Student: 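Sending over a structure as structure tokens; questions will come in a sec.
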Amino acid sequence: MTGTSTTKTVLSGIQPTGGAHLGNYLGALRWWVDFQDRYNAYYCVVDLHALTVPGEPEELRRSTLDMAALLLACGLDPDRCTLFVQSHVRQHAELAWLLQCTASMGELGRMTQFKDKAAKVGYESARAGLFTYPVLMAADILLYDTDVVPVGDDQRQHLELTRDLAQRWNARYGQTFTVPGAAIPPAGGGARIMDLQEPERKMSKSATSDAGVVYLSDDPGALQRKIKRAVTDLDPPGPGAVRWDREAKPGVSNLLELLAALRGGDPAELAKDYESYGPLKADVAAAAIEALGPVQERYRTLQADPSAVLDVLRHGAAQASAKAEETLERARRAVGLLAR
Ligand code: TRP
């Protein structure tokens, strides 16, 4: 869908490294697919953001293409959205610079994700890009006159910063950017899928072990194994053993939420069908295999044809650049850069 003035614009980004998992799919990617028909949709694989932490060049190249293939396999359709790789649209890096000169050290230093990540590697050796990461994200968003940004809780602070930067800029240099609205909570509240081994933690590719993370590329065997070994608790089977109670039974509740997200329905209601954990796990595994099977099949087909994926990305980048250039030109002029 190409944007008419009444269609709102949605934009989101995903990092290429580490692969996408079931939490990404249920919490975000399947909504991206949904949004294609309701919004003028831009989606990007944020390879520049991946450079904020150490990695191998060859691995980045491979994972960027893989992530794009996976997004297409999930149902993103180049006829209904603009899918591109962030670094292919150079305006992102340029606007990020202009916005870095709008943001302050203080506000970037307050970003909790920076504090967490910098603490992990040590403040002194943390890459400067890790510090300015949220400004690049703001550039991603502001270049497209984005109205809404679907992001999880962990990115809300970055979105708030984006709004602050846009408002500050507009107040200082005149109306230039659309101020994005808050994140859209997906219909039904959005699934928050937890790690199968540490159900108090969100499922994440930065988990200490892969055992609790179901990757979209996991084959049915691996998928079944991971779900079967999911942490539950030691309550004996019987009525009430399977119930939705995030506090007392985090592992079981997570399995119920997975089932609800995959099959539809309400986790507390679904619990009533079970008296022990085995059958619940079997059903979750079956539902996951059913949902991911077609995605994986398309993924394999696309992986076998990388040039087709590249074509989609090149087309997406050309489309995105046209819009991004307009916005960047507005920003360049507003801030006082000499016309070229
Ligand atoms: N920072 C986001 C994340 O780690 C990814 C991202 C980059 C993004 N640019 C974006 C998300 C723009 C939404 C909009 O999840």
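Owing to the predicted nature of the structure, the values given are computational and were not obtained by experimental measurement. Both ligands and their constituent atoms are indexed starting at 1 by order of listing.
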Student: Would you mind running through ligand 1 and noting each atom that sits below 4.0 Å from a heavy atom of Val149?
Tutor: 13 (C), 14 (C)

Student: Which of the atoms in ligand 1, numbered in the order shown and given with their element, are less than 4.0 Å from a heavy-atom of Leu11?
Tutor: 12 (C), 14 (C)

Student: Taking only residues at least two apart or on different chains, which pairs with a member in residues 98-121 satisfy salt bridge (charged side-chain N to carboxylate O under 4.0 Å, His left out)?
Tutor: Glu107-Arg168

Student: List the closest protein heavy-atom neighbour of atom 1 (N) of ligand 1: residue, atom name, distance to the nearest 0.1 Å.
Tutor: Tyr133 OH, 2.7 Å

Student: Determine whether the aromatic ring centres of His158 and Phe114 lie less than 6.0 Å apart.
Tutor: no

Student: With a 4.0 Å heavy-atom cut-off (strictly under), which part of Leu159 contacts ligand 1: side chain, backbone, both or neither?
Tutor: neither

Student: Look up atom CG in Leu143 and atom CZ in Arg330, then write down how far apart they are to the nearest 0.5 Å.
Tutor: 9.5 Å

Student: Using only heavy-atom distances, determine whether the side chains of Asp66 and Gln303 contain a donor-acceptor pair under 3.5 Å.
Tutor: yes

Student: If we set the cut-off at 4.0 Å for heavy atoms, which region of Ile141 has an atom near ligand 1: side chain, backbone, both, or neither?
Tutor: side chain

Student: Could you find the nearest protein heavy atom to atom 5 (C) of ligand 1 and give me its residue, atom name and distance?
Tutor: Gly13 O, 3.6 Å

Student: Relative to the heavy atoms of Val46, which atoms of ligand 1 are at a distance of less than 4.0 Å?
Tutor: 7 (C), 9 (N)

Student: Is Leu60 isolated, or which residues cluster with it under the ILVMFWY side-chain rule of less than 4.5 Å, directly or via members?
Tutor: Leu48, Leu51, Leu136

Student: Tell me the nearest of Gln113, His158, His49 to atom 7 (C) of ligand 1, using heavy-atom distances.
Tutor: His49

Student: Calculate, to the nearest 0.5 Å, the distance between atoms SG and CG belonging to Cys74 and Leu216 respectively.
Tutor: 5.5 Å

Student: Examine the proximity of ligand 1 to Gln86 and report which part, side chain or backbone, both or neither, has a heavy atom under 4.0 Å away.
Tutor: neither

Student: CD of Glu297: more than 12 outside heavy atoms within 6.0 angstrom?
Tutor: no

Student: Considering only the protein, which heavy-atom contact is closest to atom 9 (N) of ligand 1, and what is its distance?
Tutor: Asp140 OD2, 2.7 Å

Student: Short N/O distance, under 3.5 Å, between Ser12 and ligand 1?
Tutor: no

Student: Using a strict cut-off of 4.0 Å, indicate which atoms of ligand 1 neighbour a heavy atom of Val151.
Tutor: 11 (C), 13 (C)

Student: Centres of the Tyr144 and Phe84 rings: under 6.0 Å?
Tutor: yes

